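Let me begin by presenting the structure, written as structure tokens, before commenting on it.
One-based numbering along the sequence shown. The structure displayed is predicted, hence computed values, not measured ones. Whatever order the structure lists them in is the order used to number ligands and atoms, beginning at 1. Heavy-atom basis, side chains included; hydrogens, waters and symmetry copies ignored.
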Amino acid sequence: MEYEVLAYYYFGTIEDPDLEVKNHKEFFKTQDVKGRIYISNKGINGQMSASPESSNAYQAWLHTRYPEIEFKIHHHTEHAFAKMTVKHRTLVAMGEEAEAQDGGDHVSPEQWAQMIENKDDDTIIVDVRNRYEWEVGHFEGAELPDLDTFREFPEYARNLKSERDPSKTKVMMYCTGGIRCELYSALMKKEGFENVFQLQGGVIKYGQKQGAKHWRGKLFVFDDRLVTPISEDNTETISHCHFCDTPTDTYYNCANMDCNELFLACKQCVSTHKGCCQSSCESAPNVRPFQETDNPKPFRKLRK
Ligand SMILES: [Zn+2]
Ligand SMILES: [Zn+2]
């Protein structure tokens, strides 16, 4: 069975987020869909998988009210989420307020590829994602802000200002589907950077339009796939097994449920360590039995 994995967002006023949540739940009653959708008075942030019929029906349904929404679609052999969650919640967790309307200039995948090709010393490419996402794939020449959490991003921008002239520096920003850049590019501008660009539609859309050109490795995604190619020509593995250093881009959640750490491992090492991230986790009190699989899924904490 073929499923579609949809990523999309909308920035604009939602007068009654609770009603929108209710309408979504009502609509989904008769649809084959699973995913995670956050709705606030500032917009919608959605990721979901659906049968092709339900995908079409949902897109049409949402487009009647929000015609500007751009759906980025991957194909997958099964649902990419365990259940459907629709919640009234902040779209992107941030340490500081930012508005999408104050964000950087949108750049198409074609323009983005050209900007990478013409990149000079006054240009930096900033990866607006976490280290575990960066590790399995990123744009060539990009840099990853050294942050523990994205709450530290404004501080990163301020430090950058002491190293680079904010009026001359061209800042190219990208993330998975584009939503994080909408807000973090606004923060970058707020800190005084005048030339800020964001990759429209993120890496997902880039892969569909430009293939793996200038992209190294694969793409981390926040669903059951964990890591996916961005295009058919994307076969490169740049990351390594955390135990033996052989190339792999397979992530596991540690089988010690009190640890749950996400780590990269080759098939052999993960089996030797029974799905655990380190030896001490193997003898912990709450370890799930290890099952060998080619496609490990993210582990969701059991509800008590
Ligand atoms: Zn290994
Ligand atoms: Zn562990």
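Put simply, C254 gets within reach of the Zn ion (ligand 2), with an N, O or S atom under 2.8 Å from it. Residue side and main chain included, C269 places an N/O/S atom under 2.8 Å of the Zn ion (ligand 1).
Looking at V21 and K25, their side chains come closer than 4.5 Å, going by heavy atoms from C-beta outward.
In this structure, R288 is positioned above the aromatic face of F299, its NZ or CZ under 6.0 Å from the six-membered ring centre and within 45° of the axis.
Rounding to 10 degrees, one finds that the Zn ion (ligand 2) sits at the corner of an angle of 110° between C281 SG and C277 SG.
A donor and an acceptor atom, one from each side chain of T293 and N295, are nowhere located under 3.5 Å apart.
The aromatic rings of Y58 and F27 sit tilted, their planes meeting at an angle between 30° and 60°.
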